[in-house]
Amino acid sequence: MLKKLFGLFGKSESMENTLVLYAPCDGTLLKLKDLPDEAFSSEMLGKGFAVEPTSDIIKSPIKANVVSVFPTKHALTLQADNAEILIHIGIDTVKLAGAGFETLVKAGDTVELGQALVKIDFSALEAAGCAKSVILVVCNHNEFKDLAIQSKQQVTPSDKILIMKWIEVVS
């Protein structure tokens, strides 16, 4: 039904008033509910998806403004149109205090779809016992409707993963 509604993962329908997030890296697509972190698996922080990465560069999933880069470099927030997007790299990675992460952008930057945001040293994450999942959530998901997440298992940054339509406000 959603595919018919606005041409999900295809180009046949208009994408006006629609948010599209692409994969931030190569890897295996995961559902938030399968993550070993309740804040994400319960969707407390928002709706979205995760990728178990096979590449060490995390790319922007959308053209956006960088709102913040956490001092520990493991997370950043983006603003794209009406969407507030959190990109969180790894689980329990805050304890690394930035070790293993090289940020390639700063707050205030405008980034293009596919632009490199963070480089990760996976050996540092593994040595600390941290999961390396890259998690994307739309924090203000309640302002959207018709959420659809791709069911493909292996993804690349050229793959559309999440599509949501804005709720239209009639005045």
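Both backbone and side-chain heavy atoms feed into the values below; hydrogens, waters and symmetry mates do not. Heads up: numbering here begins at 1 and tracks the sequence.
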Looking at [atom1] of [X] and [atom2] of [Y], how far apart are the two atoms once the value is rounded to the nearest 0.5 Å?
X: D37; Y: S42; atom1: CG; atom2: OG; result: 8.5 Å
X: E143; Y: N82; atom1: CD; atom2: CG; result: 7.0 Å
X: D81; Y: K63; atom1: CG; atom2: NZ; result: 9.5 Å
X: K119; Y: T103; atom1: NZ; atom2: OG1; result: 13.0 Å
X: T18; Y: K165; atom1: OG1; atom2: NZ; result: 4.5 Å
X: H74; Y: L125; atom1: NE2; atom2: CG; result: 10.5 Å

Please say yes or no: joined through hydrophobic side-chain contacts below 4.5 Å, possibly via intermediate residues, are [X] and [Y] part of one cluster?
X: I149; Y: V138; value: yes
X: I89; Y: V155; value: yes
X: L86; Y: Y22; value: no
X: I57; Y: F101; value: no
X: L45; Y: V94; value: no

inquiry  = Can you pull out every salt bridge (Lys or Arg N to Asp or Glu O under 4.0 Å) where at least one residue sits in residues 121-138? Sequence neighbours excluded, please.
reply    =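 Checked against salt bridge (Lys or Arg N to Asp or Glu O under 4.0 Å) - neighbours excluded - no pair reaches residues 121-138.
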request  = Just grab all the salt bridge (Lys or Arg N to Asp or Glu O under 4.0 Å) pairs involving residues 51-60, residues at least two apart or on different chains.
outcome  = none
[X] side chain near [Y] side chain, heavy-atom distance below 4.5 Å:
X: I163; Y: L19; value: no
X: S68; Y: L76; value: no
X: V20; Y: L162; value: no
X: F49; Y: K31; value: no
X: K95; Y: C130; value: yes
X: P53; Y: D26; value: no
X: D159; Y: K152; value: yes
X: I135; Y: I87; value: no

task = Step by step, work out the side chain to side chain contact (heavy atoms under 4.5 Å, CB included) result for L117 and V111.
result = CA-CA 8 Å; L117 302 173; V111 294; 3.9 Å; yes
key: Ionic contact status for K106 with D109, cut-off 4.0 Å   =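 Yes, charged N to carboxylate O under 4.0 Å.
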Residue from N65, V66, V105 passing side-chain contact (heavy atoms from CB on, under 4.5 Å) with L78 = V66
side-chain contact (heavy atoms from CB on, under 4.5 Å) partner of V51, chosen from P61, P157, C25 = C25
request  = Begin with the C-alpha distance, continue with both residues' side-chain angles, and end with the deciding distance and a verdict on side chain to side chain contact (heavy atoms under 4.5 Å, CB included) for H141 and M164.
outcome  = CA-CA 9 Å; H141 64 90; M164 300 171 89; 3.8 Å; yes
Considering non-hydrogen atoms only, spot the tightest contact between [X] and [Y] and give its length.
X: I85; Y: L21; result: CD1-CD2, 3.6 Å
X: L35; Y: S133; result: CD2-OG, 3.9 Å
X: V134; Y: P24; result: CG1-CG, 3.8 Å
X: T93; Y: H88; result: OG1-CE1, 4.1 Å
X: A124; Y: L96; result: O-CD2, 4.3 Å

query = Can K73 and E102 be said to form a side chain to side chain contact (heavy atoms under 4.5 Å, CB included), step by step?
reply = CA-CA 7 Å; K73 303 177 188 177; E102 177 186 352; over 6 Å; no
Check: F40 main-chain N/O paired with E38 side-chain donor or acceptor under 3.5 Å = no
inquiry  = Can a donor-acceptor pair be found, under 3.5 Å and without considering hydrogens, that links the side chain of S60 to the backbone of I62?
reply    =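 Side chain of S60 to backbone of I62, a donor-acceptor pair under 3.5 Å: yes, one is there.
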